[in-house]
*Asks:* 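Below are the structure tokens for one structure; questions will follow.
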Amino acid sequence: MKNRLHFAHLPTPVEDLPRLSATLKGPRLLVKRDDQTGLAFGGNKIRKLEYLMADAREQGADTLITAGAVQSNHCRQTVAAAARFGMGCILVLFGDPPDPPDGNHLLHYLLGAEVVFTHRDNVTVKLDEVFQAAQSQGRKPYLIPYGGSNTIGALGYVNAMLELAEQNIHPDWIVFPSSSGGTQAGMLVGARLSGFNGKILGISVDEPADQLKATIAKLATQLAESIGENRTFSPADIQVNDDYTGEGYAIMGDAEIEAIQLFAKREALLLDPVYTGRAAAGLIDLIRKGFFEATDTVLFWHTGGGPALFAGKYQTHLLG
Ligand SMILES: *Cc1c(COP(=O)(O)O)cnc(C)c1O
């Protein structure tokens, strides 16, 4: 496998959720605490960045460039990694900038990002422009795609599945939010390596299932190839549920609010409005619908995102 820098706090703990399970009259519930990967409030991108940073360093980069929404966890974790290794970081962001900056966006500035705003449809063009400009200033930029989801970043979740096996945790289901696909692709390839035989169910955050499955299948196939595993993945091999995308990306509805309140009050677990709140809302609904067997063990993989709780646009809704 590719080189990796070690800065994440690993292994992340796995904890039981007995009060939540009792409240929902559901199966045994566990949580894997990737909200606790360390480095500037942590999250799933830290695992990916251990590999991406190693690659950036090998290429002699001095500046990371990436893109995301204004409350992007990925951008916050990327600029944190840049700070930690003495690199610069340029973020291309889209969405309405909060004034004053709050949530992840406050941390973007605090961690030292150079921020450029553009329209969502113009991100690719803007990234290219920023990359060229950095080069012409004599900098050595390194481009990280949305969510760190390429064959290098996804190695973080190959490794995460090996870590879970090492912890001797063998759930029947893993449930988590899936968006740019790197987490799920990494888990699928990692499951193959670790001999995991439970099911891996991504709750789509914003895309139709067909589209997301195609993205994941392609990335998982390339990822397997990149580490010499002769295995292809087709969309039929991938489980994605898109019943919970609600009103769209980053729009917190009643289901997310209920999930955030329930996890907080029953287990003191803090979810986020965009990703884990949505996936937890899906998990709660699936439990209520009797989707899981009473004898199942279901592991909710907490991917982080907590700082978005402190974005002003969500705060009043969360107190209802
Ligand atoms: C980025 C992110 C995800 C989605 O991970 P992908 O690898 O992009 O599918 C899930 N949860 C949180 C909190 C995230 O920041």
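Numbering of residues begins at 1 and proceeds along the displayed sequence. Order of listing sets the numbers, starting from 1, for every ligand and every atom in it.
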*Asks:* Closest approach of I260 and P273, non-hydrogen atoms and distance?
*Replies:* CD1-CA, 3.8 Å
*Asks:* Answer yes or no: are there more than 12 heavy-atom neighbours, outside D243 itself, under 6.0 Å from its atom CG?
*Replies:*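 Correct, the count exceeds 12.
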*Asks:* Going by atom types alone, do Q77 and N44 pair a side-chain donor with an acceptor below 3.5 Å?
*Replies:*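 Their side chains do not contain a donor-acceptor pair, so the 3.5 Å distance test is not met.
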*Asks:* Is the closest side-chain donor-acceptor distance between D102 and Y314 under 3.5 Å?
*Replies:* no
*Asks:* Strictly under 4.0 angstrom, heavy-atom based: which residues surround ligand 1?
*Replies:* N44, K45, K48, N73, S149, P177, S178, S179, S180, G181, G182, T183, Y275, T303, G304, G305
*Asks:* Of the options F263, F292, W173, which is the one that meets F300 in a ring pair (Phe, Tyr, Trp, His ring centres under 6.0 Å)?
*Replies:* F263
*Asks:* What residue among L164, L29, L17 forms side chain to side chain contact (heavy atoms under 4.5 Å, CB included) with L299?
*Replies:*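 Answer after filtering L164, L29, L17: L164.
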